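Data first, discussion second: the structure below is written as structure tokens.
It should be emphasised that the depicted structure is a prediction, and the values quoted were computed from it without experimental measurement. Just so it is clear: chains get the letters A, B, ... in the order the sequence lines come, proteins before strands, and each one is counted from 1.
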Protein chains: 2
Amino acid sequence: MSPRRVPVSRRDRPAKPPLSRDGMVAVALRIMREEGLERVTMRRLAGELDTGPASLYVYVRNTAELHGALLDELLADLDGPGTRGWRDELIELLWAYTRMLHGYPSLARSVLTLRPSGPRYLRFFDTVLGLLHAGGVPVRQAAWGADLLLQHATATAAEHGSRDEAVETAGEEEELAAAVREASPDSYPNLARARDELFSGTGEQRTRWALTAIINGLTTT
Amino acid sequence: MSPRRVPVSRRDRPAKPPLSRDGMVAVALRIMREEGLERVTMRRLAGELDTGPASLYVYVRNTAELHGALLDELLADLDGPGTRGWRDELIELLWAYTRMLHGYPSLARSVLTLRPSGPRYLRFFDTVLGLLHAGGVPVRQAAWGADLLLQHATATAAEHGSRDEAVETAGEEEELAAAVREASPDSYPNLARARDELFSGTGEQRTRWALTAIINGLTTT
DNA sequence: ACCTGAACACCGTTCAAGT
DNA sequence: ACCTGAACACCGTTCAAGT
């Protein structure tokens with residue numbers, strides 16, 4: 001009779017590190033990087049931290065707050081502006097932000113309704129405002145414009161995110177393309193005329209164009 | 001002994017109307033209008049239609065498709081453009097769309113990742129393209145610009161939606177405001193300078209300004 | 001083809017009771 | 001104060017079996 005295999009018990013495992021907000025966020029970040037934000041649930045996180053879901057509520061008010069913390073963590077990897085003209089630097093910065101969020105479309109969606117307020121986000125916002133100021137944009141247009149630019153970048157990442165869920169979205173994209181193709185020029189003359197341009201360009205080209213257009217618009221409005 | 005009250009049984013109720021996609025969407029629309037999109041779940045809808053959730057999958061592929069149908073339904077209430085100049089009409093149309101979606105922020109969030117392709121949405125898109133064309137905007141800028149304008153309108157509704165969930169968001173808005181107030185002018189000089197303008201203006205003023213800025217930008221980019 | 005019961009595999013959050 | 005087991009009140013989607 002071979003010795004019965006007993007399941008690894010609590011006391012055989014390495015001592016459970018004490019819970020902390022930072023530890024929680026670190027684990028959440030790892031799960032998000034490896035499997036996407038969908039997998040970062042309170043229950044999963046609790047399991048990974050060897051406790052019950054209720055324990056997490058000592059450190060965050062709710063999932064939205066956790067998502068805000070994750071955004072702030074990602075923002076740490078964003079480089080500050082370089083030394084070119086304010087316009088180019090601004091576009092580069094916002095494009096880098098868009099690219100970063102593009103890898104985490106679910107986070108982008110969450111951020112869109114979040115009003116983030118972490119230190120890294122404030123730094124980022126300050127930099128955008130600074131570049132607009134450097135371009136001579138009056139303070140009101142700079143404030144409203146920075147908001148507009150960040151909203152656009154976030155919404156773009158949320159919309160065209162590139163994780164597995166994008167497979168579904170690709171189906172809908174195809175459905176829209178088909179609907180546009182089949183739209184009769186009689187009832188939809190403008191759609192028919194714009195048919196080819198509606199889906200033209202790469203994501204990068206369109207995003208850069210949009211950022212440029214918004215910057216041009218806000219300086220003259 | 002008073003007659004025992006028996007619960008209303010299946011056969012005492014009016015004959016169950018046959019399921020149909022239109023019937024489903026109509027009930028979903030009613031629930032969304034009365035209680036918000038959060039309450040429009042497959043299970044709730046099935047209960048309301050006196051069937052099991054599995055039955056709904058005969059008519060829609062998934063919840064995303066249902067949300068697309070709801071948007072198309074709402075779009076039916078949107079008036080076409082009037083007779084003023086293309087610019088004013090375009091802003092009016094997009095503002096009406098924003099206002100409409102503002103009442104259903106969860107739907108706006110869903111639409112942002114949906115690529116809607118319903119007939120009413122195509123009509124709406126065609127109208128936006130038509131107004132830009134009337135303004136002499138070249139077809140490529142019109143196509144990319146229409147996309148940009150619709151994305152902005154949808155994202156704005158998603159962001160500042162006005163249902164009960166807005167109570168939570170108000171808390172986060174307040175937290176951001178507090179963070180901005182407390183941001184030291186030394187480490188966040190641009191935030192400090194823009195402090196007052198960051199939260200100035202009504203939602204309508206800011207949305208109209210943003211739409212105007214984007215239109216100005218896209219015509220010159 | 002259309003319809004469904006039941007199951008699969010999960011959720012976020014709260015709360016009373018512990019330490 | 002910090003932590004937790006257990007419960008509350010739900011989810012979307014699939015699938016085999018019916019009609």
Side-chain angles (χ1 to χ4, degrees), chain A residues 9-11 13 15-25 27-28 31-32 34-70 106-107 109-110 113-114 163-165 167-169 171-172, chain B residues 9-11 13 15-25 27-28 31-32 35-70 106-107 109-111 113-114 163-165 167-169 171-172:
Chain A
S9 84
R10 237 35 198 63
R11 35 167 48 77
R13 277 189 278 171
K16 184 175 126 181
L19 285 181
S20 74
R21 192 185 149 109
D22 286 353
M24 238 180 91
V25 172
V27 173
I31 300 175
M32 181 173 76
E34 290 169 2
E35 309 175 39
L37 186 70
E38 296 75 38
R39 299 281 174 211
V40 183
T41 66
M42 292 304 213
R43 282 162 187 273
R44 167 75 187 277
L45 205 47
E48 205 103 5
L49 291 163
D50 211 4
T51 182
S55 306
L56 308 182
Y57 289 82
V58 175
Y59 303 100
V60 292
R61 213 185 351 263
N62 49 40
T63 28
E65 191 180 311
L66 178 63
H67 293 174
L70 287 173
S106 300
L107 184 64
R109 279 190 272 287
S110 199
T113 55
L114 206 68
R163 248 165 207 283
D164 41 8
E165 74 234 61
V167 181
E168 295 176 55
T169 312
E172 288 156 19
Chain B
S9 85
R10 238 39 195 57
R11 36 166 47 78
R13 276 189 278 171
K16 184 176 124 178
L19 284 181
S20 74
R21 193 185 148 107
D22 286 354
M24 237 179 91
V25 173
V27 173
I31 299 176
M32 181 173 76
E35 308 174 39
L37 186 70
E38 295 75 37
R39 299 282 174 209
V40 184
T41 66
M42 292 304 211
R43 281 159 189 274
R44 167 74 188 278
L45 204 47
E48 205 104 3
L49 291 163
D50 212 3
T51 182
S55 306
L56 308 182
Y57 288 81
V58 174
Y59 303 101
V60 291
R61 210 183 356 259
N62 49 39
T63 29
E65 190 180 310
L66 178 63
H67 292 174
L70 287 172
S106 300
L107 184 64
R109 277 190 274 286
S110 200
V111 167
T113 54
L114 206 67
R163 251 167 204 282
D164 41 6
E165 75 235 59
V167 180
E168 294 175 54
T169 311
E172 288 157 20

**Study point:** Separation of atom CZ in Arg21(A) from atom C1' in dC2(D), rounded to whole Å
**Key:** 16 Å

Practice item. Scan Ser55(A) against the nucleic acid and name what it touches under 4.0 Å (heavy atoms): base, sugar-phosphate only, or nothing. Key: base

Exercise for review: Write down the distance separating the C1' atoms in dC8(C) and dC11(D), rounded off to the nearest Å.
Suggested key: 12 Å

Study note, to complete from the structure: Side-chain atoms of Arg44(B) come closest, of dC11(D), dC3(D), dC3(C), to dC11(D)

**Study point:** Nearest-angstrom distance from the residue atom CG of Leu56(A) to C1' of dT14(C)
**Key:** 14 Å

Practice item. Rounded off to whole Å, could you give me the CE-to-P distance for the Met24(A) and dC2(D) pair? Key: 14 Å

**Study point:** Counterpart base for dC8(C), defined by Watson-Crick or G-U wobble contacts under 3.5 Å
**Key:** dG12(D)

Review point. Between Thr63(A) and dT13(C), does any side-chain N or O lie under 4.0 Å from OP1 or OP2?
Key: yes

Review point. Looking only at heavy atoms, what is the nearest atom pair of Val40(B) and Ala28(B), with distance?
Key: CG2-O, 3.6 Å

**Study point:** Length of the OH-P vector between Tyr57(B) and dG5(C), whole Å
**Key:** 15 Å

**Study point:** Length of the CG-C1' vector between Leu66(B) and dG12(D), whole Å
**Key:** 12 Å

Review point. CD of Glu65(B) versus P of dT13(D): gap in Å, rounded?
Key: 11 Å

Check your understanding: Side chain of Tyr59(B): nearest nucleotide among dT14(D), dC2(C), dT13(C)?
Key -> dC2(C)

**Study point:** Shortest non-hydrogen contact from Met24(A) toward Leu45(A)
**Key:** O-CD1, 4.0 Å

**Study point:** Separation of atom CE in Met42(B) from atom C1' in dT14(D), rounded to whole Å
**Key:** 13 Å

Check your understanding: Contact class for Thr41(A) vs. all strands (heavy atom < 4.0 Å): base, sugar-phosphate, or nothing?
Key -> sugar-phosphate

Study note, to complete from the structure: What one should report as the nearest heavy-atom pair of Leu114(B) and His67(B) is CD2-C, 4.1 Å

Study note, to complete from the structure: Tightest non-hydrogen contact, residues Leu70(A) and Val25(A), listed as CD2-O, 3.9 Å

Point to revise | Atom C1', compared across dC10(C) and dA6(C): separation rounded to whole Å | key: 16 Å

Exercise for review: Please figure out whether Pro53(A) or Gly52(B) has its closest DNA chain C nucleotide nearer the 5' end.
Suggested key: Gly52(B)

Review point. What pair of heavy atoms forms the shortest contact from Met42(B) to Tyr57(B), and how long is it?
Key: CG-OH, 3.7 Å

Exercise for review: Scan every strand shown for a Watson-Crick or G-U wobble partner of dT19(D), both distances under 3.5 Å, and answer none if you come up empty.
Suggested key: dA1(C)

Exercise for review: Calculate the interatomic distance between Arg43(B) atom CZ and dC10(D) atom P; express it in whole Å.
Suggested key: 11 Å

Review point. What's the closest nucleotide to the Ala54(B) side chain, out of dA6(C), dC3(C), dT4(D)?
Key: dA6(C)

